[in-house]
Amino acid sequence: MNKGALSGIRVVDLGTVIAGPYNTMQLADLGAEVIKIEEPGAAERRNLPGAGAIGYQSPDLVPVGSYRDRNKEAMSLNLHNPKGLEILFQLIRTADVVTENFSPGTMDRLGIGYEILKEVNPKLVYASVSAFGQTGSYRHHRGYDILAQARTGFASVTGFPEDPPTRAGNSITDYFTGLLGAFSILAALNHADRTGRGQAIDIALFEGLFMTLEGYVERTLNDNEVPSRQGNESLTHGPSCGVYHAKDGNLIAIDVHRNEWWHAFCESIGQPELSSDPETADYYARIENEVRVRTIISDWTSQYDASDAESLLGFSGIPAARVLTLQEMVELPYIKERNLYPTVDHPRAGPIQLTGSPYGGLSKTPGTVFSHSPVPQEHRDSILTRVLGYSVDTINELEADGAFSV
Amino acid sequence: MSQALGDLKVLEIRQGLGAAYCGMLLGDMGATVVVPSDYNLEEPDPPETASLYLDRNKYSIAVDTKRPDHLEIVEQLISWSDVVIDELLPTTRTAWGIEAERYCDENPRLVYARIDPFKVSDIEPRAASDLIVQATSGFMSMTGLPQNPFTRSGTSLSEYYAGVTTAVAILAAIRHRDIAGVGQIIDMALMDALITALEGLPDTYFRTGEVRPRTGNMNPALPGYGFTQASDGFVATATPGFNIWPRFCIAIDRIDLVDRPEFNSPEEQNEWGAMVGEAINDFCLPRTRAEIVDHLVAHDVPAAPVNTLEDAVAEPQLREREMIVEVDHATRGRISITGSPLHMTETPGTVRRAAPILGQDSEYVLREILKTPSKEVDSILGHLKGGE
């Protein structure tokens with residue numbers, strides 16, 4: 001437990017896969033008490049080495065994505081067993097927040113839909129994340145990150161013009177949507193604290209990504225144009241914000257779209273006259289004269305190895321950096337300085353390094369990673385005794401009745 | 001409808017999309033968000049078309065930050081605020097005389113969120129931006145077709161990650177303020193936010209010394225999860241888990257693929273994945289996107305067309321859920337913009353007014369928010385070029 005900004009808030013988390021766990025990871029990092037409820041078998045699958053990829057699994061791997069469940073407690077419940085469901089119901093009665101990402105209608109079928117829960121817990125914040133939302137003609141469509149990348153048009157603006165639309169290499173949608181879930185939960189808690197009234201929240205993967213399209217939607221709807229992928233150049237700023245090949249064949253990202261940066265760049269490459277050249281002096285002129293701007297930058301980068309180009313520009317206050325692999329990224333001094341991959345003890349894997357908290361920079365209540373992601377049933381007894389006051393005998397009876405497993 | 005953050009007073013000083021997205025989320029929830037912008041700035045921040053949705057619900061006041069009396073207005077707005085969102089360039093902070101620590105000393109309840117590409121002491125004063133963060137984080141090395149260079153996202157994704165992560169941090173800090181009576185500084189980095197979304201691949205690397213190579217639009221470890229060429233574009237399919245796979249095989253009439261072999265190495269798995277990929281190609285290539293998606297969805301297999309933006313904005317679901325709404329813009333007239341994703345039964349996110357043009361609300365901000373005496377307002381407005 002820690003003393004984060006959200007200490008005292010209890011979350012019962014039914015979320016699975018990425019968006020759900022990432023949502024409550026934010027809350028747990030910030031100090032909320034997150035109780036992860038899993039169906040029998042789900043926790044075991046989540047803890048498989050290399051879980052996430054079907055088929056071949058290296059025994060050395062720690063569970064992929066287990067960082068998203070750090071700082072949480074977990075227990076498994078058989079929700080098809082009346083006693084298992086009753087335990088969940090009792091836990092939600094005591095909770096400030098419940099989160100779920102089942103397909104729409106599942107919670108109602110289980111008998112724990114919002115209309116029932118709000119009767120017993122009027123302050124409850126009930127947050128659902130689904131593919132397309134709880135309403136609308138697509139509400140029963142299944143959805144995954146890759147489908148949202150496809151359907152929103154995101155993939156159509158990523159990649160090179162001569163190649164197919166390209167997906168982002170991470171499950172970009174799940175992360176955006178999980179964060180929107182956490183944000184709306186905190187807004188609803190603020191409202192509940194002041195009014196005593198909770199509410200239901202309906203966040204959709206499709207919309208989580210659609211919100212981040214940078215005005216391309218507005219250009220399409222209002223300006224009679226359809227923005228499309230421009231490879232490694234910005235669709236908005238053009239080649240003055242792009243990725244170039246250096247002399248050694250490595251890539252260097254250079255962003256000189258701002259006049260301040262462009263002028264420093266011109267100085268740095270020994271062509272200060274370009275700062276006042278009408279074709280390149282001004283932001284809009286550089287968009288207009290994209291061929292010339294591209295040539296100026298690529299002519300320069302082709303003369304230097306990427307690391308030399310990075311140093312030359314970086315020392316002049318110009319945004320420029322080599323394009324790094326993940327292996328190179330984790331070795332950056334910055335990563336250690338910010339403790340972005342802290343070490344925790346895992347009961348099965350021993351000490352492991354995992355993705356850290358983005359909230360380390362809160363001056364009074366920094367977010368921290370204080371515990372590993374739970375193994376199956378790790379906190380069952382402590383949750384049931386602490387939260388519901390059950391005795392060991394009661395827990396044993398429930399176990400015999402099949403409340404925890406199938 | 002009431003608004004969850006109707007009492008919250010937010011000042012947004014920004015040269016970046018992250019702050020604008022953060023302010024948009026707070027504004028959708030009812031916060032009063034004021035954006036002072038320098039009318040001498042040379043680049044649009046954010047770009048005009050992005051501003052059309054990111055700046056809805058906000059108030060714009062135009063200032064000339066070379067004038068001490070105008071900088072005084074910014075200081076007054078900071079005093080008025082519960083929350084400041086600051087995503088200025090370091091050079092701009094210096095030019096404006098921004099001093100977060102001093103503001104927090106003067107107003108201990110202030111929540112001051114400061115967004116930068118990196119938070120660094122050792123490589124300062126290196127400048128950076130979203131593109132640099134995409135490059136440095138390893139995100140680009142995960143993205144793109146294997147035969148292409150490492151590829152950037154078509155959007156400034158680190159800005160959006162940091163923007164909403166900051167918004168989460170702000171609401172947590174507001175709760176702490178309400179309980180403990182003190183605000184705080186939130187230092188958020190685009191880098192720190194983005195690297196929490198890298199699927200745990202770095203975590204695996206620490207354990208094994210290996211990183212799974214990027215696989216572009218297909219993943220041989222997950223056959224059926226990717227983009228496939230159709231007769232009129234591409235379709236996306238997703239067949240994670242064992243329960244969907246048999247339905248998929250039936251749908252593409254390849255029941256012989258239902259039983260997966262045991263794999264003894266990643267190579268064996270990739271070989272099988274490539275064979276399955278061929279089968280999917282054969283099914284999709286002669287058919288249109290719509291035919292394929294309808295057919296697969298009828299078999300309860302997740303599928304979607306790979307849309308252009310034109311296709312995307314025509315999706316009926318968006319209008320049914322008010323994800324595209326119309327507003328009256330000061331110079332463009334009636335326009336359509338992205339709506340609010342914050343669907344909530346008691347306090348839904350709302351779009352109450354169009355994004356203002358630069359300085360559209362200068363007089364309102366001075367008179368109604370800062371309660372500046374009338375004489376001074378007239379004198380200040382005489383120097384403001386806003387609202388043109």
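Letters go in sequence order (proteins before strands), and every chain restarts at 1. Because the structure is a prediction, the values reported are computed rather than measured. Quick note: numbers below take in every heavy atom, side chains included, and nothing from hydrogens, waters or symmetry partners.
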J.: So for A/Thr195, is it side chain, backbone, both, or neither that comes closer than 4.5 Å to the heavy atoms of chain B?
T.: neither
J.: Measure from NZ or CZ of B/Arg321 to the centre of the six-membered ring of A/Phe206 and say whether it is under 6.0 Å with the direction within 45° of the ring axis.
T.: no
J.: Heavy-atom cut-off 4.5 Å, strictly under: side chain, backbone, both or neither for B/Thr237 against chain A?
T.: backbone
J.: Is the A/Tyr138 ring parallel, tilted or perpendicular to the A/His141 ring (thresholds 30°, 60°)?
T.: parallel
J.: Side chain, backbone, both or neither: which part of B/Gln15 has an atom under 4.5 Å from a heavy atom of chain A?
T.: both
J.: Checking heavy atoms, do the side chain of A/Leu27, its backbone, both or neither come under 4.5 Å from chain B?
T.: neither
J.: Which bit of B/Ala303 is near chain A, if near means a heavy-atom gap under 4.5 Å: side chain, backbone, both or neither?
T.: backbone
J.: Select one option (side chain, backbone, both, neither) describing which atoms of B/Leu157 are under 4.5 Å from chain A's heavy atoms.
T.: both
J.: Tell me, side chain or backbone of B/Leu8 under 4.5 Å from chain A's heavy atoms, or both, or neither?
T.: neither
J.: Checking heavy atoms, do the side chain of A/Leu354, its backbone, both or neither come under 4.5 Å from chain B?
T.: both
J.: In terms of heavy-atom pairs under 4.5 Å, which option from B/Leu17, B/Val306, B/Ile179, B/Val168 contacts chain A the most?
T.: B/Val168
J.: A side-chain contact here means heavy atoms from C-beta on lying under 4.5 Å apart; do B/Phe118 and A/Glu337 qualify?
T.: no
J.: Please flag which part of A/Ile201 lies under 4.5 Å from any non-hydrogen atom of chain B: side chain, backbone, both or neither.
T.: both
J.: Determine the option with the most heavy-atom pairs under 4.5 angstrom with chain A, choosing from B/Gly30, B/Gly144, B/Pro46, B/Pro149.
T.: B/Pro149
J.: Hey, are the side chains of B/Thr151 and A/Asn232 touching, using non-hydrogen atoms and a 4.5 Å cut-off?
T.: yes
J.: Just checking, any donor-acceptor pair under 3.5 angstrom between side chains of B/Tyr160 and B/Asp130?
T.: no
J.: Select one option (side chain, backbone, both, neither) describing which atoms of B/Arg319 are under 4.5 Å from chain A's heavy atoms.
T.: side chain
J.: Compute whether any side-chain donor of one residue and acceptor of the other, for A/Gln199 and B/Thr347, lie under 3.5 angstrom apart.
T.: yes
J.: Salt bridge or not between B/Arg332 and A/Asp223? Use side-chain N to carboxylate O under 4.0 Å.
T.: yes
J.: Strictly distance-based, threshold 3.5 Å: is any side-chain N or O of A/Arg197 a donor or acceptor partner for the main-chain N or O of A/His191?
T.: no
J.: So for A/Arg229, is it side chain, backbone, both, or neither that comes closer than 4.5 Å to the heavy atoms of chain B?
T.: neither
J.: Between A/Tyr175 and B/Glu199, do the side chains contain a donor N or O and an acceptor N or O under 3.5 Å apart?
T.: yes
J.: Does either side chain, that of A/Glu207 or that of B/His343, offer a donor lying less than 3.5 Å from an acceptor on the other one?
T.: yes
J.: Let me know if B/Leu89 has heavy atoms under 4.5 Å from chain A in its side chain, its backbone, both or neither.
T.: side chain
J.: I'd like to know if the side chain of B/Arg214 pairs up with that of B/Ser141 as donor and acceptor (distance under 3.5 Å, no hydrogens or angles considered).
T.: no
J.: Assess the side chains of B/Thr338 and A/Glu218: does a donor N or O sit below 3.5 Å from an acceptor N or O?
T.: yes
J.: Is B/Met29 in contact with chain A via its backbone, its side chain, both, or neither, using a 4.5 Å heavy-atom distance?
T.: side chain
J.: Could you tell me which residues satisfy ring-ring contact (aromatic ring centres under 6.0 Å, His included) with B/Tyr161, sequence neighbours excluded, listed by chain and number?
T.: A/Phe176
J.: Quick one: what part of B/Tyr205 sits under 4.5 Å from any heavy atom of chain A, side chain, backbone, both or neither?
T.: side chain
J.: Is B/Ile324 in contact with chain A via its backbone, its side chain, both, or neither, using a 4.5 Å heavy-atom distance?
T.: side chain
J.: I'd like to check the ring-ring contact (aromatic ring centres under 6.0 Å, His included) partners of A/Tyr341; sequence neighbours left out, ordered by chain and number.
T.: B/Phe206
J.: On the 0 to 90° scale, with breaks at 30° and 60°, tag the B/Trp272-B/Trp245 ring pair as parallel, tilted or perpendicular.
T.: tilted
J.: Supply the atom-to-atom distance A/Leu6 CG to A/Leu189 CG, rounded to the nearest 0.5 angstrom.
T.: 8.0 Å
J.: Heavy-atom distance under 4.5 Å to chain A: side chain of B/Asp45, backbone, both or neither?
T.: side chain
J.: With a 4.5 angstrom heavy-atom cut-off, which part of A/Thr236 approaches chain B: side chain, backbone, both or neither?
T.: side chain
J.: Could you look at A/Arg338 and say if it's the side chain, the backbone, both or neither that has a heavy atom under 4.5 Å from chain B?
T.: side chain
J.: Out of B/Gly349, B/Ala193, B/Ser137, which one racks up the most heavy-atom pairs below 4.5 Å with chain A?
T.: B/Ser137
J.: Measure distances from A/Ser228 to the heavy atoms of chain B and classify the residue's part below 4.5 Å as side chain, backbone, both or neither.
T.: neither
J.: Please state whether the side chain, the backbone, both or neither of B/Asn217 comes within less than 4.5 Å of a heavy atom of chain A.
T.: both
J.: Less than 4.5 Å to any heavy atom of chain B: does that hold for the side chain of A/Ile252, its backbone, both, or neither?
T.: neither
J.: Would you mind telling me which of B/Phe234, B/Phe150, B/Phe227, B/Phe139 has the largest number of heavy-atom pairs within less than 4.5 Å of chain A?
T.: B/Phe227
J.: Could you look at B/Glu320 and say if it's the side chain, the backbone, both or neither that has a heavy atom under 4.5 Å from chain A?
T.: side chain
J.: Do you know which of B/Pro305, B/Ala312, B/Ala189, B/Gly163 has the most heavy-atom pairs with chain A at a distance under 4.5 angstrom?
T.: B/Pro305
J.: Counting only heavy atoms from other residues, nucleotides and ligands, does the tally under 6.0 Å from CD of A/Glu225 exceed 12?
T.: yes
J.: Less than 4.5 Å to any heavy atom of chain B: does that hold for the side chain of A/Glu233, its backbone, both, or neither?
T.: backbone
J.: Given a strict heavy-atom distance threshold of 4.5 Å, which part of A/Ala192 is in contact with chain B: side chain, backbone, both, or neither?
T.: neither
J.: Quick check on the interface: out of B/Gly339, B/Ala236, B/Ser336, who has the most heavy-atom pairs with chain A under 4.5 Å?
T.: B/Ser336
